[in-house]
Amino acid sequence: MAEVLVLVDHVDGDVRKSTLEALTAAARLGEPAAVFVGAGAQGAAEVLGRHGATTVYAVESPEVAEHLVAPTAEVLAQLVQEHSPAAVLLPSSNDGKEIAARLAIKTSSGLVTDAVDVAPADGGGVQTVQSVFAGSYTVTSVVAQGCPVVTLKPNSVPVEETGGGAATVQAVDAQVSDAAKAARITERKEKAASGRPSLTEAAIVVSGGRGTGGDFAPVEALADSLGAAVGASRAAVDAGWYPHSSQVGQTGVSVSPQLYVAAGISGAIQHRAGMQTSKTIVAVNKDPEAPIFELVDYGVVGDLFTVLPQATEEISRRKG
Amino acid sequence: MNIVVCVKYVPDAQGDRGFEADNTTDREAVDGLLSELDEYAVEEALKLVEAGEGEVTVLTMGPEDAVAAVKKSLQMGAHKGVVVTDEAIAGSDSVATSLVLAEAIKKIGEEAPVDLVLTGLASTDGVMSVVPAMLAERLGLPQVTFASELTVEGSTVRIRRDDETASETIESSLPAVVSVTDQINEPRYPSFKGIMAAKKKPVETWGLADLGVDASQVGLDAAWSRVVEVSARPPRTAGEVVTDEGDGGSKLAEFLASRKFV
Ligand SMILES: Cc1cc2nc3c(=O)[nH]c(=O)nc-3n(C[C@H](O)[C@H](O)[C@H](O)COP(=O)(O)OP(=O)(O)OC[C@H]3O[C@@H](n4cnc5c(N)ncnc54)[C@H](O)[C@@H]3O)c2cc1C
Ligand SMILES: Cc1cc2nc3c(=O)[nH]c(=O)nc-3n(C[C@H](O)[C@H](O)[C@H](O)COP(=O)(O)OP(=O)(O)OC[C@H]3O[C@@H](n4cnc5c(N)ncnc54)[C@H](O)[C@@H]3O)c2cc1C
């Protein structure tokens with residue numbers, strides 16, 4: 001069975017959930033093999049193996065980390081050439097999509113981004129499912145050309161453990177061209193950690209909009225009672241109440257959690273584009289006519305400043 | 001400094017977007033316009049040349065109507081426009097789109113070298129955010145993307161990029177491909193003067209033959225990823241909406257508990 005390469009997304013060696021999802025998806029297409037760029041491959045071999053990877057191709061070049069996406073695309077292209085995998089899967093992050101884009105050109109392969117599902121296609125290649133036009137359509141595509149490159153939307157594929165032992169780490173000697181090093185990171189300021197889960201990976205997201213009037217305390221309290229990430233509408237971000245990195249929607253991040261709670265958010269099409277694929281949607285809004293109520297599984301018409309604290313208190317009470 | 005801005009003509013997101021019988025995007029039923037996110041790239045280009053010197057060329061690939069996206073950019077202040085249109089282009093995927101745009105940028109560069117290629121952060125229809133990286137790959141240029149701040153000093157371009165965990169400064173030499181986010185500026189509205197001036201600005205229309213691209217390399221038949229089925233998402237079954245009468249929060253908590261979120 002041909003290998004399926006999965007680019008590992010990790011933070012200082014800690015493998016992110018999106019990678020485990022990709023390994024699970026890869027097993028449907030062939031034999032999952034992880035590609036680990038940076039330091040820490042050995043430490044990650046166990047968790048990668050447990051989720052189906054038999055091999056970890058380890059590229060431990062500091063040059064790659066400093067130079068953004070171009071060198072990683074070169075490394076993957078080299079591996080595609082050497083191993084002729086059945087497909088390459090990457091996370092649908094900004095970097096993941098750009099690496100995928102360059103890889104598709106380098107290897108003359110078809111590309112699908114933001115897939116929510118993958119399967120082998122009849123007659124070869126990979127069949128993908130995407131949710132498009134702000135979630136109003138579901139599109140099934142086939143990538144048959146070259147080595148199909150697919151980026152997977154986080155939270156789309158349930159993670160499965162295969163019970164495999166630690167994957168075998170195989171060092172890869174990567175050649176990075178000078179051209180790939182042309183753009184480089186000259187400064188990096190880490191943001192203070194919020195202590196909450198990351199927005200794209202969280203199982204629950206609670207978002208606030210203009211209706212908060214700038215006071216996100218009730219939104220954050222509800223989020224914390226549920227172990228959720230906090231998101232924001234663009235109106236809240238533009239007002240300077242919450243950072244842009246928390247913006248959900250077309251020009252922010254796209255989330256697909258088990259539960260999405262929108263508080264004081266009207267439900268504009270651009271906001272919906274980033275949350276409509278959430279499994280369960282809940283809204284709290286003063287205005288019974290707000291378009292967000294068209295999407296909800298459960299809605300409360302009311303003032304978020306009374307509804308959210310009451311819900312938070314009740315949840316904390318139930319949790320004991 | 002000579003800047004090429006790539007602008008896409010897209011169906012209006014406020015309209016009822018859909019697909020044709022051959023599963024390609026229906027570009028007739030809904031009014032088209034300049035992808036809103038590309039206005040930020042046009043604005044940034046104008047600011048750069050206004051602060052120094054040079055020319056802004058806007059480039060689009062699409063149906064004949066796509067000239068509207070170029071016109072709007074010219075009204076904002078861009079100097080000239082190029083529309084690449086050809087029957088064979090319809091249904092192109094991202095790989096083919098980037099090929100045509102890259103060849104067009106090379107051709108624009110024959111007249112005067114291009115220092116900077118600017119793009120939006122994503123189109124508002126395909127929303128892939130891949131064309132800038134593909135252009136960099138095809139043109140062999142450095143890629144500096146998702147800029148929320150952009151400065152050019154001599155032949156160095158520097159941007160700020162923010163994400164959930166960090167704020168980064170990224171640098172490269174020119175020429176380069178840079179994509180900008182909607183955080184970077186506030187795009188101007190065309191002034192009356194701008195609208196009048198745009199009427200006299202040059203717009204060239206090129207076909208694939210002008211770029212030396214063979215029809216077999218683009219369009220639906222050449223697409224390396226192909227849509228085989230589209231279905232309208234079933235409208236979400238109307239959920240329950242209650243009005244808060246003093247117990248809205250408790251009811252909400254009860255719902256969440258019934259769905260095992262608590
Ligand atoms: C190119 C482009 C890209 C965009 N990208 C995005 C994006 O990525 N994400 C995004 O979110 N938007 C985006 N937008 C903006 C979008 O169109 C809306 O303007 C925005 O989503 C509105 O935010 P909001 O719902 O918080 O504010 P509003 O639309 O003003 O809604 C506020 C809501 O709060 C309710 N409310 C007020 N007070 C209370 C209270 N005390 N309790 C309960 N409810 C209350 C009101 O009834 C109202 O429904 C984009 C727009 C454009 C043009
Ligand atoms: C719903 C939908 C789903 C699609 N899925 C896929 C897919 O999975 N795989 C695939 O290969 N193709 C796909 N396509 C086709 C793809 O969107 C187009 O080929 C498109 O031209 C390139 O991708 P994008 O619009 O997402 O651009 P993005 O990469 O999001 O665009 C970024 C920037 O590139 C520039 N740009 C993009 N297109 C043009 C243009 N035509 N003219 C000038 N500048 C431009 C603009 O500055 C834009 O802001 C899809 C299209 C649609 C409508």
Side-chain angles (χ1 to χ4, degrees), chain A residues 69-70 94 97-98 101-102 104-106 109-113 133 135-143 145-146 179 182-191 198-199 204 226 244-245 250-251 259 269-270 280 282 293 295-302 306-311 314-315 318-319, chain B residues 13-14 17 19 37 93-95 98 121 124 127-130 133-134 137-138 140 142-146 162-173 176 181-183 224-233 236 239-244 248-253 255-257 259 261-262:
Chain A
V69 302
N94 287 347
K97 288 203 277 192
E98 292 191 337
R102 301 186 75 121
I105 304 288
K106 281 180 196 295
S109 303
L111 167 69
V112 165
T113 55
F133 290 155
S136 55
Y137 282 85
T138 300
V139 165
T140 307
S141 304
V142 169
V143 200
Q145 173 75 29
R184 61 177 212 287
I185 303 168
T186 54
E187 199 188 325
R188 189 179 157 88
K189 283 193 213 119
E190 300 289 336
K191 291 188 179 152
S198 114
L199 197 50
I204 304 179
L226 292 165
H244 180 253
S245 53
Q250 187 188 62
T251 48
L259 170 66
I269 180 100
Q270 295 90 353
T280 301
V282 166
F293 284 125
L295 299 181
V296 298
D297 295 283
Y298 196 80
V300 180
V301 179
T306 55
V307 175
L308 296 196
Q310 191 179 63
E314 178 65 21
I315 290 163
R318 281 174 188 251
K319 282 189 166 170
Chain B
Q14 302 296 342
R17 294 177 295 180
F19 291 87
L37 296 173
D93 62 0
S94 58
V95 177
S98 66
L121 98 117
T124 56
V127 218
M128 294 179 74
S129 292
V130 296
M134 288 181 166
E137 179 71 35
R138 289 192 183 276
Q143 136 189 5
V144 190
T145 47
F146 301 103
D162 295 299
D163 67 16
E164 233 184 313
T165 56
S167 175
E168 294 171 335
T169 307
I170 300 169
E171 219 175 84
S172 99
S173 56
T181 74
D182 60 339
Q183 301 294 299
W224 288 350
S225 55
R226 220 193 139 93
V227 174
V228 291
E229 196 191 322
V230 295
S231 52
R233 191 187 167 98
R236 291 187 84 102
E240 190 185 350
V241 179
V242 300
T243 301
D244 179 31
S250 304
K251 282 186 168 161
L252 174 54
F255 169 80
L256 295 178
R259 295 290 180 99
F261 290 118
V262 177

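Within every chain, numbering begins at 1; the chains are lettered A, B, ... in the order of the sequence lines, protein sequences first and strands thereafter.
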In terms of heavy-atom proximity below 4.5 Å to chain A, should B:Gln183 be classed as side chain, backbone, both, or neither? side chain
Applying ring-ring contact (aromatic ring centres under 6.0 Å, His included) to B:Phe146 and not counting sequence neighbours gives none
In chain order, what residues pass the side chain to side chain contact (heavy atoms under 4.5 Å, CB included) check against A:Ala311, with sequence neighbours excluded? A:Leu222, B:Leu252
Sort out for me which of B:Leu121, B:Thr145, B:Val95 touches chain A most, counting heavy-atom pairs under 4.5 Å. B:Thr145
Short question: side chain of A:Gln145, backbone of B:Trp224 - any donor-acceptor pair under 3.5 Å? no
Might you point out which heavy atoms bring B:Ala133 and A:Arg102 nearest each other, and give the distance in Å? O-CG, 3.8 Å
Heavy-atom pairs under 4.5 Å with chain B: which of A:Leu111, A:Val112, A:Val69 has the most? A:Leu111
Let me see the working for A:Gln250 and B:Thr124 under side-chain contact (heavy atoms from CB on, under 4.5 Å), right down to the final yes or no. CA-CA 8 Å; A:Gln250 187 188 62; B:Thr124 56; 3.6 Å; yes
Would you mind checking which part of A:Ser198 comes under 4.5 Å of any heavy atom in chain B, side chain (CB onward), backbone (N, CA, C, O), both or neither? both
Write down the atom of A:Arg318, the atom of B:Ala257, and the distance for their closest heavy-atom approach. NH1-CB, 3.4 Å
Among the options B:Val242, B:Val227, B:Asp244, B:Ile170, pick out the one with the most heavy-atom pairs lying under 4.5 Å from chain A. B:Val242
Best-contacting candidate, B:Ala232, B:Ser172, B:Gly239, B:Ala166, against chain A by heavy atom pairs under 4.5 angstrom: B:Ala166
For the interface with chain A, which of B:Val230, B:Leu37, B:Asp182 has the highest count of heavy-atom pairs at distances below 4.5 Å? B:Asp182
Side chain from CB out, backbone as N, CA, C, O: work out which of these in A:Val296 comes under 4.5 Å of a heavy atom of chain B, or both, or neither. both
Is it the backbone or the side chain of A:Leu259 that comes under 4.5 Å from a heavy atom of chain B, or both, or neither? both
Contact summary for A:Lys191 and B:Asp163, nearest pair of heavy atoms: NZ-O, 2.7 Å
Does any backbone or side-chain atom of A:Leu199 lie under 4.5 Å from a heavy atom of chain B? Answer side chain, backbone, both or neither. both
Chain B contact via A:Thr306 - side chain, backbone, both or neither, heavy atoms under 4.5 Å: side chain
Pick from A:Leu295, A:Asp297, A:Ile315, A:Thr113 with the largest number of heavy-atom pairs that fall under 4.5 Å of chain B: A:Asp297
A:Ile269 versus chain B, the contacting section by heavy-atom distance below 4.5 Å: side chain
Using the six-membered ring wherever Trp is involved, compare the ring planes of A:Tyr298 and B:Phe255 and label them parallel, tilted or perpendicular (cut-offs 30° and 60°). parallel
Output the option from B:Ser94, B:Ser231, B:Gly248, B:Ala176 having the highest count of non-hydrogen pairs under 4.5 Å with chain A. B:Ser231
Is a donor on one side and an acceptor on the other found under 3.5 Å between the side chain of A:Lys189 and the backbone of B:Thr169? no
Most heavy-atom pairs under 4.5 angstrom with chain A, which of B:Thr181, B:Val228, B:Asp162? B:Val228
Identify which part of B:Val144 has an atom lying under 4.5 Å from any heavy atom of chain A, answering side chain, backbone, both or neither. side chain
Of the listed residues (A:Val143, A:Ile204, A:Val282), which shares the most heavy-atom pairs with chain B below a 4.5 Å separation? A:Val143
